[in-house]
Structure formats: C-alpha cells, structure tokens
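All remarks here apply to the structure that follows.
Note that ligands are numbered from 1 as they come in the structure, with each ligand's atoms numbered from 1 the same way. All residue numbers refer to positions in the sequence shown, counting from 1.
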Amino acid sequence: MPKKLLFVCLGNICRSPAAEGVFLHLLREAGIESEFEVDSAGTGGWHAGESADRRMRAAAQKRGVHLPSVARQVRPADFERFDLILAMDSDNQSSLLASAPPAARHKVRLFRDWDDQGRGEDVPDPYYGGPEGFDLVLDIVTRSGRALLAELRAAR
Ligand code: 4NP
C-alpha cells in the first residue's frame with residue numbers, strides 16, 4: 001500500500017497544507033496515523049519557512065483540524081521518497097512532471113482525480129479571494145482525501 005504521501009501546491013501555504021492537515025486528521029480518526037508518512041511542499045519556494053496562511057488555519061480550526069505544515073519547496077529527493085505526489089492543480093502537476101525523473105512520473109497525480117464532485121478539476125487557489133474560498137478548499141480536500149484513503153485501505 002502506498003503510505004508516503006506528498007501534497008503539492010504553488011506556495012505551500014494554502015491548499016497543500018490544508019490537504020495535508022485534513023488527511024492527517026482522517027488518519028487520526030481511523031487510528032492509523034502511524035502507518036503513514038504525510039507531508040506537503042510547494043512548486044515555488046517564496047514562502048519557505050512560513051506556517052500555513054492565517055485564513056486557511058482559521059477555517060481549518062473551525063472544523064477541528066490543525067495544520068502543522070512549515071512551507072518548503074519540492075526537492076529532487078521527494079520523487080524518490082514518496083509513493084504518491086498529489087498535485088492540487090494542473091499547473092502544479094505540469095511543474096512536477098517537468099522535474100520528475102522518468103521512473104517517478106507515475107507517482108505524480110492530480111488530487112481531484114479522487115473527487116467525485118469534480119474529477120480531474122483544480123483545487124481553486126483561495127489566496128486572493130474571500131473567506132468562502134478557504135472553506136471550499138477544505139470541502140474539496142476532505143472529499144478527495146476520504147476517497148483516496150478508502151482506496152488505499154481497500155488495496156492493502
Ligand atoms: P497555495 O496558494 O499555492 O495554495 O499555497 C498560494 C499562496 C501564495 C501565492 C500563490 C498561491 N503567492 O503567489 O504568493
């Protein structure tokens with residue numbers, strides 16, 4: 001079973017920290033957190049060292065979800081280390097595929113391929129929008145995360 005998951009967006013301060021925090025929350029609920037390794041990163045490095053965006057953390061907190069991420073950029077070793085590299089949108093996926101070694105290309109997937117309410121679509125970037133964008137991101141990453149986890153557990 002793929003157990004090492006990396007969630008990736010552009011800045012690693014909004015969408016991928018939310019996906020990471022929600023997925024960790026789901027693992028904790030299921031009592032299987034120790035079986036997985038979960039991290040997030042950005043295709044860009046401008047926000048390296050920062051906590052998740054305050055608005056994203058506040059929206060998550062309202063749902064009882066903690067976002068532990070400290071932003072970092074994707075690095076070459078990630079393509080070796082992780083079993084699944086989950087892009088939040090198609091730009092992120094293209095960037096990842098442009099730097100992935102051939103043997104790791106199959107690991108790079110669009111996270112919303114697991115979302116039955118928008119398969120193959122982008123997780124919309126909430127950075128420049130209003131508060132509702134952060135709740136929408138949480139709804140999407142929760143649906144996608146639940147479906148991904150169910151698939152991983154069924155395959156083991
Ligand atoms: P994220 O959102 O990719 O979901 O973390 C963004 C955060 C910051 C920027 C872009 C997207 N930025 O350009 O600074």
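Interface of Gly11 with ligand 1, defined as ligand atoms under 4.0 Å from a residue heavy atom, comprises 1 (P), 3 (O), 5 (O). Near Asp125, meaning under 4.0 Å from one of its heavy atoms, ligand 1 places the atoms 2 (O), 6 (C), 10 (C), 11 (C). The contact set between ligand 1 and Cys14, taken as ligand atoms under 4.0 Å from a residue heavy atom, comprises 1 (P), 2 (O), 4 (O), 5 (O).
Counting heavy atoms from C-beta on, the side chains of Asp89 and Val123 never come closer than 4.5 Å.
At least one heavy atom of Tyr128 sits under 4.0 Å from some atom of ligand 1. Ligand 1 lies within reach of His47, whose nearest heavy atom is under 4.0 Å from it.
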Should Ser16 and Phe111 be marked as a side-chain contact (heavy atoms from CB on, under 4.5 Å) after you check the CA-CA gap, both sets of side-chain angles, and the distance that decides it?
CA-CA 10 Å; Ser16 60; Phe111 190 34; over 6 Å; no
Using the rule given for side-chain contact (heavy atoms from CB on, under 4.5 Å), can you reason through Met56 versus Leu138, listing the C-alpha separation, both sets of side-chain angles and the distance that settles it, and then say yes or no?
CA-CA 9 Å; Met56 194 75 251; Leu138 288 167; 3.6 Å; yes
Report the C-alpha separation of Arg63 and Asp139 in whole Å, then their side-chain angles, then the decisive distance to 0.1 Å, and conclude whether the salt bridge (Lys or Arg N to Asp or Glu O under 4.0 Å) test is met.
CA-CA 11 Å; Arg63 302 179 184 210; Asp139 290 342; 2.9 Å; yes
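By the 3.5 Å distance cut-off applied to N or O atoms, Ile13 is counted among the residues near ligand 1. Considering backbone and side-chain atoms alike, Arg15 places an N or O below 3.5 Å from some N or O of ligand 1. Ligand 1 has no nitrogen or oxygen under 3.5 angstrom from a nitrogen or oxygen of Cys9.
At a heavy-atom cutoff of 4.0 Å, ligand 1 is contacted by no atom of Asp53, backbone or side chain.
Across all their heavy atoms, Leu136 and Pro124 have their closest contact at CD2-CG, 3.8 Å.
Hydrophobic clustering (side-chain heavy atoms under 4.5 Å, transitive across Ile, Leu, Val, Met, Phe, Trp, Tyr) keeps Leu24 apart from Ile85.
Taking the six-membered ring for Trp and thresholds of 30 and 60 degrees, Phe36 and Phe23 have ring planes more than 60 degrees apart, a perpendicular arrangement.
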